[in-house]
Amino acid sequence: MQLASWNVNSLKVRLPHLLQWLETNPVDLLGLQELKLTDENFPLTELEAAGYGAVFAGQKTYNGVAILYKKATMPEPVDVLVNLPSFPDEQKRVIAATFGDLRFISAYVVNGSEVGSEKFEYKKAWLDGLLKDCEGWLAQYPKLALVGDYNIAPDDRDVHDPKAWAGQVLCSDEERGRFNTLLGLGLVDSFRLFEQAEKTYSWWDYRMLGFQKNKGLRIDHVLLSKPLAEKCTASVIDRAPRKWEKPSDHAPAIATLSI
DNA sequence: ATGGCAGGTACGACCTGA
């Protein structure tokens with residue numbers, strides 16, 4: 001089976017890309033972030049026509065997350081949870097659901113704007129809430145996947161210009177420390193289980209020809225609990241849709257599991 | 001050092017993203 005994550009930066013604009021991508025990448029579960037639309041505008045009809053069901057938590061203008069599941073291979077979702085129990089939040093950044101014995105979570109971690117800013121404090125507090133809840137989830141669900149836009153580049157290999165980004169938002173010790181704490185709880189960065197090409201990123205700035213110059217960061221991750229990581233046979237980032245007309249600034253991350 | 005691009009809101013100019 002395949003588990004994936006994609007920050008689509010407006011599902012309204014990116015629906016054609018999503019449908020096209022699913023045609024060639026019929027993943028079983030897909031976490032989406034930055035829907036930027038309300039629930040009544042969620043394109044459920046179009047996705048169901050493509051063979052996918054969905055659970056979603058939308059929001060006007062900002063944020064919004066969803067989980068798509070392939071109806072042919074996945075059981076119906078149960079125990080749907082929106083947002084973090086440990087961090088009450090108006091912003092829709094987390095959705096979780098159970099498919100059989102697999103707990104799948106799609107997360108849109110706070111950006112943080114600038115180290116030291118109010119939004120950065122919100123990011124740290126939000127991540128602390130995630131860490132707290134994750135500890136409980138891992139105890140409850142041996143097979144757990146936490147995918148999403150983490151807005152954290154875990155180490156310098158994940159940054160096109162580590163010197164320029166040193167200490168900056170997405171790369172600071174405070175953010176990386178929390179990411180490592182997450183790994184310490186028992187999650188595995190599936191991407192690093194395998195040999196990877198250098199300078200593989202998942203996000204490129206729209207400006208300054210970021211993609212053309214490969215000035216990117218790897219901030220979108222598929223994290224797996226150990227029982228799932230043991231079954232993981234591949235983990236890649238698909239740059240292809242970043243080359244399409246009017247792309248999202250993020251590329252999808254995909255893990256393949258032998259289950 | 002700065003701004004650059006894109007989406008949304010709403011129809012002018014601003015907010016947010018990373």
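So that the names make sense, note that chain A is the first sequence line, chain B the second, and so on, each numbered from 1.
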Starting from the 5' end of DNA chain B, give me the residue, A/S10 or A/L170, whose nearest nucleotide shows up first. A/S10
Those residues that, when tested against A/D161, pass salt bridge (Lys or Arg N to Asp or Glu O under 4.0 Å) (two or more places apart): none
What pairs of residues pass the ring pair (Phe, Tyr, Trp, His ring centres under 6.0 Å) test when at least one of them lies in residues 167-196 of chain A, not counting sequence neighbours? A/Y150-A/F179, A/F179-A/H221
Residues that, via side-chain heavy atoms closer than 4.5 angstrom, fall in one hydrophobic cluster with A/Y201: A/W204, A/F211
Taking atom NZ of A/K71 as the centre, report whether more than 12 heavy atoms of other residues, nucleotides or ligands fall under 6.0 Å from it. yes
Distance, P atom - from B/dC14 to B/dG4, rounded to whole angstrom: 14 Å
Using a 4.0 Å cut-off on heavy atoms, which residues in residues 145-167 of chain A reach DNA chain B? List them by number, or say none. A/D149, A/N151
Using a 4.0 Å cut-off on heavy atoms, which residues in residues 30-41 of chain A reach DNA chain B? List them by number, or say none. A/E34, A/K36
Listed by chain and number, what are the salt bridge (Lys or Arg N to Asp or Glu O under 4.0 Å) partners of A/D156, not counting sequence neighbours? A/R176
Please list, one pair per line, the donor and acceptor atoms closer than 3.5 Å that link side chains of residues 165-172 of chain A to other protein atoms, with sequence neighbours excluded.
residue	atom	partner	partner atom	Å
A/W165	NE1	A/H160	NE2	3.2
A/S172	OG	A/E175	N	3.2
A/S172	OG	A/E175	OE1	2.5

Remaining members of hydrophobic cluster (4.5 Å side-chain criterion), A/L29: A/M1, A/L3, A/V55, A/V65, A/I67, A/Y69, A/M74, A/V80, A/V82, A/I95, A/F99, A/L102, A/F104, A/Y108, A/V147, A/V222, A/L224, A/L228, A/L257, A/I259
With a non-hydrogen cut-off below 4.0 angstrom, is A/V13 in contact with a base, only sugar-phosphate, or nothing? sugar-phosphate
Whole-angstrom distance between B/dA18 and B/dG8, as gauged at atom P: 14 Å
For A/D89, which residues count as a salt bridge (Lys or Arg N to Asp or Glu O under 4.0 Å) partner, sequence neighbours excluded? none
Would a line drawn from the ring center of A/W21 to the ring center of A/W244 be shorter than 6.0 Å? no
If you measure from OG on A/S202 to CG on A/D158, what distance do you get to the nearest 0.5 Å? 8.5 Å
Rounded to whole angstrom, note down the P distance from B/dA10 over to B/dT16. 15 Å
Could you tell me how far B/dA1 sits from B/dC15 if I compare only their P atoms? Round to whole Å. 24 Å
Which of A/K123, A/R178, A/R93, A/Q33 passes side-chain contact (heavy atoms from CB on, under 4.5 Å) with A/V109? Answer is A/K123
What contact category does A/D220 fall into here, base, sugar-phosphate, or nothing, at under 4.0 angstrom with non-hydrogen atoms? nothing
Under a 4.0 Å heavy-atom cut-off, which of residues 202-215 of chain A touch DNA chain B? A/W203, A/Y206, A/R207, A/M208
Rounding to the closest angstrom, what is the interatomic distance between B/dT2 and B/dA6 at atom P? 23 Å
With a 4.0 angstrom cut-off to heavy atoms of chain A, pull out the first and last contacting nucleotide of DNA chain B, in 5'-to-3' order. B/dG3 to B/dA18
Can you list everything that forms a salt bridge (Lys or Arg N to Asp or Glu O under 4.0 Å) with A/D238? Sequence neighbours excluded, please. none
A/P26 backbone acceptor or donor facing A/K70 side chain under 3.5 Å: yes
